[in-house]
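Working notes for the structure below.
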Amino acid sequence: MPDSPETRVRIAPSPTGPLHIGTARTALFNYLFARRQGGTFILRLEDTDVARSSLAYEKDILDGLHWLGLTWDEGPEVAGQAARGPYAPYRQMQRLPSYAAAADRLLAADLAYRCYCTPDELDAERRRLEAAKLPPRYNGRCARLTDDERRAFEAEGRRPAIRFRVPEQEVIAFDDLIRGRVEIDASALGGDLVIVRADGNPLYHFTVVVDDAAMAISHVIRGEDHLSNTPKHILLFRALGHPEPRFGHLPLILNADRTKMSKRKTQTALAEYIEQGFVREGLVNYLALLGWSTGTEEEVLSLDELTERFDLAHVHKGGAVFDRERLEWLNGQWIRRLGVDEFVDRLQPFFEVELAGGRIDRLPTDDELRSLAPVIQERLPRLGAVGELVGFLFVDRVEVDPAQLVPKRWDRAITVDGLSAARDALARHDEVTWEADELEPPLRGLAETRGWKAGDLFMAIRVAVTGRTATPPLFDTLVALGRERTLARLDAALAALGS
RNA sequence: GCCGCAUUCGUCUAGAGGCCCAGGACACCGCCCUCUCAAGGCGGAGAUCACCGGUUCGAAUCCGGUAUGCGGUACCA
């Protein structure tokens, strides 16, 4: 693949909420496209909605993107700090002069004009049109104001917004990278559009074009929800005298009911997935395959492998329902692929959460975790599930339900018998022979001589020492528990059975 | 309402005129492995390719219409 240095793509999140899984996916697709093309990936913060933007959200977004491993070549690195790159700054609120200059140019060329209509007036007009079953559209009341009329409005104290002139009759067409040719009649655009608010702050449709032009963006890859807005952008590019970039509209991520993914119906904040123990490899892999496929049957792919294979032509056009089960499966695949040290490092924070929540009494050591790794790694769909898997190893005492202590085929008396015989057999081991393959044969032998099913005996022991019916393999569990605690818990269980 | 986009197993998808009475994966159900739970292996069930017409010797794939869904239609992004 030849180097195309002029490929410049961007992700332009708005810090009006925590990093959304959909934004993360759009960022990923842009990243993959840029890397694949040998191009430049840019991050730009669209923070012109001052009322809803916050630094905390900005930090959440930057941290989340970093966490995913989507490194950008230009843009802010750290929340609140200055941005790096030849087109800095990369925060729109710091680029206000360039929007003002662009607006002045449009005004001077009469491609835009000042509009004195108040929000109330516009609202009333919109409602009138709706009631008449007509499409809402700006009526152009201020499109041809005389100087006198303008002065009269100013005298009333009205502050003007700036509107961009949208042609009455013109078909805007473009070749979408994913959907092919799209044609939309300018008359369907709702009339002249506001590009600068009365308070002087520029609006999204305007800033996005001014910046994409200024930053020499070559390909705009974004969600399908922007497809209908694209003609407005194209008109603005033309008015600004800048060549249009290529556009590619990604299918939307959907709730289970096939509506656009929303916080109400689906967990959308990346930070929550991180908290629950999804690993970056799993999330990246899953998100990449939501709406795109390699065209082959490969599906467990790393970020680098995805990059090698990425291709906009294989992006599916229809919306994709977010399927958490599939995410968990892929996440499990990646957890199992982690090296032991990496696995242990990533797991420790989750034990800290367990400790803080009072669900365990102490933290495991790295050594303990390393020896436990082989038996827990394949049992975790998410790192956050580790507490319920082996939390019993790190508590001072376990709660044991006496009813669960008695295996299905056994009664209380056999259980007492079995447990105390097991206790005796285990007590014969010292610290040195307290190993899984040393512990198992004697207990199997015991079951056999007494005519018990080994599984029943093991289950009774399992419940006695862990309080649970589902655990990692019993003998590995006993080793992790240690001789003293194993014996003590067996004694406690025997006591609970009233013997 | 208007404009636009989309539509293959429950879900994610493969498929770019004959290889497809449609392949893979998740989930589901069996079986195997097995001390439980997982993981893994094997097998099963699951899609009249939204519908109706057309083009063609031949259509999931091309064209038209219909339906349904979704998105957009803000001095939000």
Side-chain angles (χ1 to χ4, degrees), chain A residues 12-17 23 46-49 51-53 115 117-119 122-123 126 129-130 132-137 159-163 176 179 182-185 187-190 193-199 201-205 207-208 223-231 249 251-252 254 256-260 286 289-300 313-314 316-330 332 336 375-381 389 440 443-444 447 453-459 461-463 466 468-475 477:
Chain A
S14 169
T16 52
T23 306
E46 308 219 323
D47 54 357
T48 53
D49 186 346
R52 293 194 298 147
S53 293
C115 170
C117 298
T118 64
L122 294 170
D123 224 48
R126 188 167 23 246
L129 289 170
E130 258 172 51
K133 298 252 180 235
L134 289 167
R137 133 181 280 274
R159 305 296 308 150
I162 299 176
R163 275 185 195 272
D176 192 274
R179 282 146 221 282
V182 176
E183 299 184 350
I184 296 177
D185 199 298
S187 64
L189 264 29
L193 92 133
V194 176
I195 55 175
V196 179
R197 290 185 179 90
D199 69 6
N201 276 139
L203 256 8
Y204 169 75
H205 294 306
T207 59
V208 74
E224 193 195 331
D225 45 351
H226 287 294
L227 189 62
S228 310
N229 292 327
T230 303
H249 290 91
L252 257 23
L254 275 20
D257 62 6
R258 304 203 75 90
T259 52
K260 179 175 161 182
Y286 178 72
L289 262 24
L290 245 199
W292 174 73
S293 74
T294 60
T296 69
E297 282 171 5
E298 306 171 291
E299 40 190 3
V300 183
H314 277 97
H316 197 254
K317 296 183 183 71
V321 172
F322 188 86
D323 181 2
R324 186 181 167 108
E325 304 233 51
R326 193 169 151 82
L327 202 213
E328 291 212 4
W329 170 73
L330 224 27
R336 276 165 236 138
V375 294
I376 61 177
Q377 208 162 353
E378 68 191 22
R379 273 167 248 267
L380 289 174
L389 216 211
E440 184 168 353
L443 289 181
R444 279 198 187 279
K453 279 194 179 297
D456 289 334
L457 208 218
F458 295 173
M459 184 53 83
I461 300 171
R462 179 191 326 278
V463 174
T466 69
R468 321 185 52 100
T469 55
T471 71
L474 181 62
F475 301 100
T477 301

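Here is the naming used below: chain letters follow the sequence lines, and residue numbers restart at 1 for every chain.
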Verify the neighbour count for atom CZ of A:Arg159: are there more than 12 heavy atoms of other residues, nucleotides or ligands below 6.0 Å?
no
Taking only Lys NZ, Arg NE, NH1 and NH2, and the carboxylate oxygens of Asp or Glu, determine whether A:Glu130 and A:Arg126 approach each other closer than 4.0 Å.
no
Should B:A47 form a Watson-Crick or G-U wobble pair with both distances under 3.5 Å, which nucleotide is its partner?
none
Partner of B:A14 by Watson-Crick or G-U wobble geometry, both contacts under 3.5 Å, or none?
none
Walk along nucleotides 67-74 of chain B from 5' to 3' and tag each nucleotide B, S or - by protein heavy-atom contact under 4.0 Å, base first, then sugar-phosphate.
---SBSSS
B/S/- along nucleotides 27-38 of chain B (protein heavy atoms under 4.0 Å) is S-------BBBB
Okay, side chain of A:Arg179, backbone of A:His249: is any donor-acceptor separation there less than 3.5 Å?
yes
In this structure, how many angstroms lie between the [atom2] atom of [N] and the [atom1] atom of [X], rounded?
X        : N     : atom1 : atom2 : result
A:Tyr286 : B:C12 : OH    : P     : 8 Å
A:Glu299 : B:C26 : CD    : C1'   : 8 Å
A:Lys317 : B:C12 : NZ    : C1'   : 17 Å

First locate atom NE2 of A:His226, then atom CG of A:Leu252, and finally report the distance between them rounded to the nearest 0.5 Å.
9.5 Å
Could you measure the distance from the CG atom of A:Leu474 to the CG atom of A:Leu457? Nearest 0.5 Å is fine.
9.5 Å
